[in-house]
J.: 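Sharing a structure, written as structure tokens. Questions coming.
What's counted below: heavy atoms across the whole structure, side chains too, no hydrogens, waters or symmetry copies.
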Amino acid sequence: MEAAENCSVKVAVHIRPLIGDERTQGCKESVTVTSGKPQVQIGTHSFTFDHVYGNGGSPSSSMFEECVAPLVDGLFQGYNATVLAYGQTGSGKTYTMGTAMKDGCQTGLIPQVMNALFKKIETLKHQTEFQLHVSFIEILKEEVRDLLDSEPVSKSVTPNGNAVKVTVPGRPPIQIRESSNGVITLAGSTEVAVTTLQEMATCLEQGSISRATGSTNMNNQSSRSHAIFTITLEQMCKIQSVSSGNDTLDNDMGEEYLCAKLHLVDLAGSERAKRTGSDGLRLKEGIYINRGLLALGNVISALGDEKKRKEGVHVPYRDSKLTRLLQDSLGGNSKTVMIACISPADINAEESLNTLKYANRARNIQNKPVVNRDLISNEMQKMRQQLQYLQAQLCARGGPTSDMQILKERISWLEATNEDLRRELHEYRSRRAVVECCESDAQEGHSCFMKSDGHKRGFQSMDSSDYQMDEAVSDESPEEIDEVAKELEHALRRNTMDRELIELNKRLEQKESEMKLVGGADAEALKQHFRKKIMELEDEKRIVQIERDHLLVAVENRAAHSDGQVQKTQEMNVQKLKALEAQISDLKKKQENQVELLKQKQRSDEAAKRLQAEIQYIKAQKVQLQHKIKQEAEQFRQWKASREKELLQLRKEGRRNEYERHKLEALNQRQKMVLQRKTEEAAMATKRLKELLEARKSSTRDNSVNHNGHAPNGQSNEKSVRRWLDQELEVMVNVREVRFEYEKQTQVQTALTEELTLLKQVDELSSNGDIPHIVNNGQSRLLSMSPNARMERIASLEHMLSMSSNVLKAMASQLSEAEERERGLVGRGRWNQVRSINDAKNLLQHLFNATAEARCQLQEKDLEIKDLKQQLKDLTALLWQSEAQKKELVKEQKMREQAVAIALATSASAAHPIGA
Ligand code: ADP
Ligand code: MG
């Protein structure tokens, strides 16, 4: 290892601008930056850092160049490096690091690191070989989660609602290991080898997504988790000292191997750890405290305090996974930059101050970065040797590879053969199926339609939907049986026609072959030939006859002239003649033969003609049949389409009926409720009236008793007269109320009765069979009701009527009683009880007061009513509006449905062109 150079942790502060929420809450900025200096002030506190970005400091865009680019360069020299983002939740850590990179957003540090890395590799790749690996982990509740693990870790939930990780079997949990030389590694985390910028960006993105999903699953815990994105750069510089002609592995002996890691850390929100720090953990803190952050604070505190350092205080790296992983970054072998993120808002001032204190302490931490070189190079060398040795051994055996090769070839050959055989089998199977089908066809004849399926010729042209239809309707109503019958009939007809067609085709073929036998084209040539032959024969015959005649003449002449010698010649001539005669007869026979042949020829010609005609006829028949089949198919299609349309219509109607029924039911229910309420109110009013009247009766009796006895004293008399008046008034009001209710109830009753009679009429008419066509709008609803709904409605109406009539009766009896009483009072005089002018004055005063109060109340009620009316108006307007909107929407939907139906119809007709 190289000698360590001391190098303190660099600290930069990143102040983000005020964000949406803070602005809307009217927050003020509480952080100021001293211009021209990397100095930050909060209240009376002032801190100096290596850099300050944002909010009056340097622009954030220069952060990468100033803070992180040197670390990337160091990576190529073999130095480990770490970038830490620290700060409270929402202070911009993730934003600064770019850990949540999405679709090439380049603002964060990590994307910029990746760009710089690959740019540099590009310039160096001709002299150096590079290998890059990335890992992305998250530490949550002291558990290390692999964010690049493509196998999802299933989570289960414990009874107390906490999500618990269930490690996938066969995958050991990620563990932190420390090797003998003190290097910390993660055992079991995914290390993805990357070669391009795109691949690396994908890793970052994928990990961010895993982190985000995890956090939503567990109720946003990203502010409690630490995310660490690690890039491992291995490089092999070729120091080409050996001649390049020699191509063996020894060539690489002069290489220099370097390996360095860059950790990019997005820490958990620091606000959870605010009670920790230099004064340690305050116990009994109710909320969960992130152990990692707490330990980090303690580590920073131990390392950052010069006094403590000098005293050799123990650094508690082992208190948490986070600090163990960052052991090298803080006080170890790494160049480290910490970026303290703070919000400028005044509400966050306390947290920001804490962050700055932490960061300030971290500035004092000293690291000792070294170039990671020798050890690994040695190891490499050893491994190479081992590799060589193993390769040599492998070569020496030779066997396995060639054996493998042979076996592989054999397997592929076997696979191919297998494939062939399978294909053959398939072929045979299908052939067998055809043969079987033909056999059963022959056995069962036409009747087999009903039973057998797909392979019947009659059905072959029908698509699967037809079958479905068949099955669906198999046990249904007569209409549907009709339908099935019709379909079967169609299939049957289609089948017979197809058979006919095939028969015709067969006959046609036969005739055509017959025709060929007769020999259409050659016939003419043959005829010509025979005619010529006959002609020749005729000529020959004529010549021979002429010769004969000559000879005959000569014989006669000789007979007349000569004797002995003549006799001789004569005999010769006779012989000659005979021979000629034989020749002639021979020729005649030949001629006859020829004629016979000619006749035969003619006959066969005639037969051919006949056949031709027949063929023509069959062809015509065939065309006709095809035409018929087409027509039949078209008719069937039309019939089917119309059926389908009908069915749709029926379904729609069914739905409408159902809807109507529901509506009616709701109406019944509603009306019943209203009526019940009204009836109850009326009953209450009636009851009160009854009670009042009864009370009056008895009090009148009391009063008269009083008068007949001793006169009561003035005070109590005055009171009782007032009470009497109040009661009289109450009775009056009550009577009015009951009367009002009574009238309303009567109206309801009338309406109910009207509807009932109408419904009953309709019921009667429809049971007689004629549906009335009279009626206005309101009644049309009643008429369009289904019989069941009508019955229901009638029953409900009758029930309501009986209820209402009961109440009416009760009210009527009370009202009449009140009237009776009123009449009595008029007769006897209401004011009998008022004896003195004083009484009268008192009473008048009381009346005046009561009237004034009543008027005031009336006034108030009027106002209230006005308000309510206005409200009602508004609501009605709203209702209209929404009704209109609904109508619009319904219209739209209907249109859309129509469009879909049309599209379906066209596609259906395109899918089933009518086959001839
Ligand atoms: P943290 O990771 O610290 O919880 P985030 O990075 O998620 O915080 O930032 C919180 C919010 O503030 C985000 O909406 C982010 O876009 C915004 N934000 C953070 N830093 C900046 C900045 N420098 N400029 C603009 N917006 C920022
Ligand atoms: Mg964050």
J.: Starting from the C-alpha separation in whole Å, work towards a yes-or-no answer on salt bridge (charged side-chain N to carboxylate O under 4.0 Å, His left out) for Glu892 and Arg896.
T.: CA-CA 6 Å; Glu892 222 176 275; Arg896 222 173 292 147; 3.0 Å; yes
J.: Consider only side-chain N and O atoms of Gln745 and Gln749, and report whether a donor and an acceptor are under 3.5 Å apart.
T.: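 Side-chain D/A pair, Gln745 to Gln749: absent.
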J.: So does Thr99 get a backbone contact from the side chain of Ser208, meaning a donor-acceptor N/O pair under 3.5 Å?
T.: yes
J.: To the closest 0.5 Å, what do you measure between NZ (Lys672) and CE (Met803)?
T.: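 Those atoms lie 8.0 Å apart.
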J.: Any salt bridge between Arg739 and Glu743, counting N to O under 4.0 Å?
T.: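 Looking at Glu743 together with Arg739, the answer is no, because their closest N to O distance does not fall below 4.0 Å.
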J.: Determine, stepwise, if the pair Gln814 / Thr686 fulfils side-chain hydrogen bond (donor to acceptor under 3.5 Å, both in side chains).
T.: CA-CA 7 Å; Gln814 284 314 309; Thr686 321; over 6 Å; no
J.: Measure the spacing between CD of Gln649 and OG of Ser642 and express it to the nearest 0.5 Å.
T.: 12.5 Å
J.: Would you check if Leu693 and Leu689 make a side-chain contact, meaning some heavy-atom pair closer than 4.5 Å?
T.: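 Contact flag for Leu693/Leu689 side chains = yes.
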J.: Please examine the side chains of Ile209 and Gln206, heavy atoms only from C-beta on, and report whether any two atoms are closer than 4.5 Å.
T.: no
J.: Distance from Glu883 atom CD to Thr876 atom OG1, nearest 0.5 Å?
T.: 11.5 Å
J.: Ion pair present between Arg655 and Glu660, side-chain N to carboxylate O less than 4.0 angstrom?
T.: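 Looking at Arg655 and Glu660, the cut-off is not met.
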J.: Rounded to the nearest 0.5 Å, how far apart are CZ of Phe740 and CD of Glu681?
T.: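 Taking CZ in Phe740 and CD in Glu681, the distance rounds to 10.0 Å.
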J.: Of the non-hydrogen atoms in Leu625 and Met497, which two are nearest, and what is the gap between them?
T.: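 Taking Leu625 first and Met497 second, the nearest heavy atoms are CD2-O, 3.5 Å.
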J.: Any Lys/Arg nitrogen of Glu897 or Lys894 sitting under 4.0 Å from an Asp/Glu carboxylate oxygen of the other?
T.: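 Salt bridge: no.
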J.: Can you tell if the side chain of Gln881 reaches within under 4.5 Å of the side chain of Leu878, non-hydrogen atoms only?
T.: yes
J.: With heavy-atom distances below 4.5 Å as the criterion, would you say the side chains of Val738 and Glu741 are in contact?
T.: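 With C-beta onward as the side chain, the pair stays apart.
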J.: Taking NZ, NE, NH1 and NH2 as the nitrogens, is one of them in Glu680 or Arg677 under 4.0 Å from a carboxylate oxygen of the other?
T.: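 Salt bridge flag = no for Arg677 with Glu680.
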J.: For the pair Glu646 and Arg643, find out whether any cationic side-chain nitrogen is under 4.0 Å from an anionic carboxylate oxygen.
T.: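 Yes.
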J.: Between atom NZ of Lys678 and atom CD of Gln671, what is the distance when rounded to the nearest 0.5 Å?
T.: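 These two atoms lie 9.5 Å from each other.
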J.: Would you check if Leu667 and Lys663 make a side-chain contact, meaning some heavy-atom pair closer than 4.5 Å?
T.: no
J.: Do the side chains of Arg23 and Ile19 get nearer than 4.5 Å, heavy atoms only?
T.: no
J.: Looking at Ser210 and Leu147, would you say the former's side chain and the latter's main chain have a donor-acceptor pair under 3.5 Å?
T.: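 Such a contact is found between Ser210 side chain and Leu147 backbone.
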J.: With a cut-off of 6.0 Å (strictly less than), are more than 12 heavy atoms of other residues, nucleotides or ligands near CD of Gln638?
T.: yes
J.: Can you tell me how far the CD atom of Glu860 sits from the CG atom of Asp862, to the nearest 0.5 Å?
T.: 10.5 Å
J.: Under the criterion side chain to side chain contact (heavy atoms under 4.5 Å, CB included), which of Leu752, Leu756, Asn668 is the partner of Ser796?
T.: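 So, applying the side chain to side chain contact (heavy atoms under 4.5 Å, CB included) to Ser796 and each of Leu752, Leu756, Asn668, only Asn668 qualifies.
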J.: Keeping the roles fixed (side chain from Arg793, backbone from Leu664), state whether a donor-acceptor pair exists under 3.5 Å.
T.: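 Side chain of Arg793 to backbone of Leu664, a donor-acceptor pair under 3.5 Å: no, none is there.
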J.: Is there a donor-acceptor contact under 3.5 Å from the side chain of Thr496 to the main chain of Leu492?
T.: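 Yes, the answer is positive, given that a donor and an acceptor are paired below the 3.5 Å cut-off.
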J.: Arg723 vs Glu730, test: salt bridge (charged side-chain N to carboxylate O under 4.0 Å, His left out). Steps then yes/no.
T.: CA-CA 10 Å; Arg723 205 168 51 236; Glu730 204 181 339; over 6 Å; no
J.: Does a salt bridge link Glu737 with Arg688, judged by any charged N lying under 4.0 Å from a carboxylate O?
T.: yes
J.: With a 4.0 Å cut-off on N to O distance, would you call Glu632 and Lys628 a salt bridge?
T.: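 Between Lys628 and Glu632 there is no salt bridge, as every charged N stays at least 4.0 Å from the carboxylate O atoms.
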J.: What are the two closest non-hydrogen atoms of Leu140 and Ser225, and how far apart are they?
T.: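 That would be CD1-CB, 3.8 Å.
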J.: Are Glu665 and Arg670 ion-paired here, with the side-chain N under 4.0 Å from a carboxylate O?
T.: no
J.: Does the side chain of Lys690 reach to within under 4.5 Å of the side chain of Glu694, using non-hydrogen atoms?
T.: yes
J.: Between Gln631 and Glu634, is there a side-chain heavy-atom distance shorter than 4.5 Å?
T.: no
